[in-house]
Amino acid sequence: MRLPKLKKLVEVMQIRRVKVFVHWSVLLIGAIILLGAVEDAPLAFTVLGAYYGVILLHECGHMVAAQRKGCAVWSIELYPVWGITCFSQPYSRYDQCIIAWGGVVAQALVAVPLLVWVELFGYTRFQAVNAILAIFGFLSLSSIVFNLLPIRPLDGAIAWGLLPALFKRSTTHPAKREPGWRSQR
Ligand SMILES: [Zn+2]
């Protein structure tokens, strides 16, 4: 007898015709946290949502950059601490660097205005709003800094190649497109 194959990834939505999958552990962790936070379930739900919102925002940044660079984007997968965007091989090393920057740039576009807001006006009376401000602002900013460390598999390992790639782009012929898929965390 064959056991039914367990699905490790659950499709949760589509963004710009790209399927977004969530790993089962994300759903399990979410369920456990919500069960443990019966007293303030709405706040726990907001914190969880905002946390995965930051990861999704980051991956959407890669997705938009990849689509703009003419890559086919296959999927976005969300895991407990990171996400993965799968897309076709970029045209050049320069394009690959731009796609690597996409994630942190998307985060920064949201984080910087929020941090300015908090700096100018402070936090609000509403805990849930404050949680969103803190997660999309401060937590997201620290994850940007971490992500830009030049260590694999972090984005920084590819992103900082932008300057040499820029220089190379102007001096050599465009690179040949190689077949196959790439993924960016
Ligand atoms: Zn990334």
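No experiment lies behind these values; they were computed from the predicted model shown. As a basis for the values below, the full set of heavy atoms in this structure was taken, side chains included, without hydrogen atoms, waters or symmetry mates. For ligands, and for the atoms within them, numbers begin at 1 and follow the listed sequence.
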Please report the C-alpha distance between Ile15 and Leu56 in whole Å, then the side-chain angles of each, then the deciding distance to 0.1 Å, and finally whether the side-chain contact (heavy atoms from CB on, under 4.5 Å) criterion is met. CA-CA 10 Å; Ile15 302 172; Leu56 183 61; 4.1 Å; yes
When you look at Ile76 and Lys19, which way does the side-chain contact (heavy atoms from CB on, under 4.5 Å) test go after all the steps? CA-CA 6 Å; Ile76 289 174; Lys19 286 181 176 178; over 6 Å; no
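Protein contacts to the Zn ion (ligand 1) involving N, O or S atoms at a distance below 2.8 Å are His58 NE2, His62 NE2, Asp155 OD1, Asp155 OD2, Arg185 O.
Checked against ring pair (Phe, Tyr, Trp, His ring centres under 6.0 Å), Tyr79 has the following partners two or more places apart in sequence or in another chain: His23, Trp82.
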Pairs of donor and acceptor atoms involving the side chains of residues 31-53, under 3.5 Å and at least two apart or interchain, shall be tabulated with distances.
residue	atom	partner	partner atom	Å
Thr46	OG1	Pro42	O	2.7
Tyr51	OH	Pro80	O	2.8

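Residue pairs satisfying the ring-ring contact (aromatic ring centres under 6.0 Å, His included) criterion with at least one member in residues 137-164, sequence neighbours excluded, are listed as follows: Trp101-Trp160.
Classification of the His62-His58 ring pair by plane angle, with boundaries at 30° and 60°, yields perpendicular.
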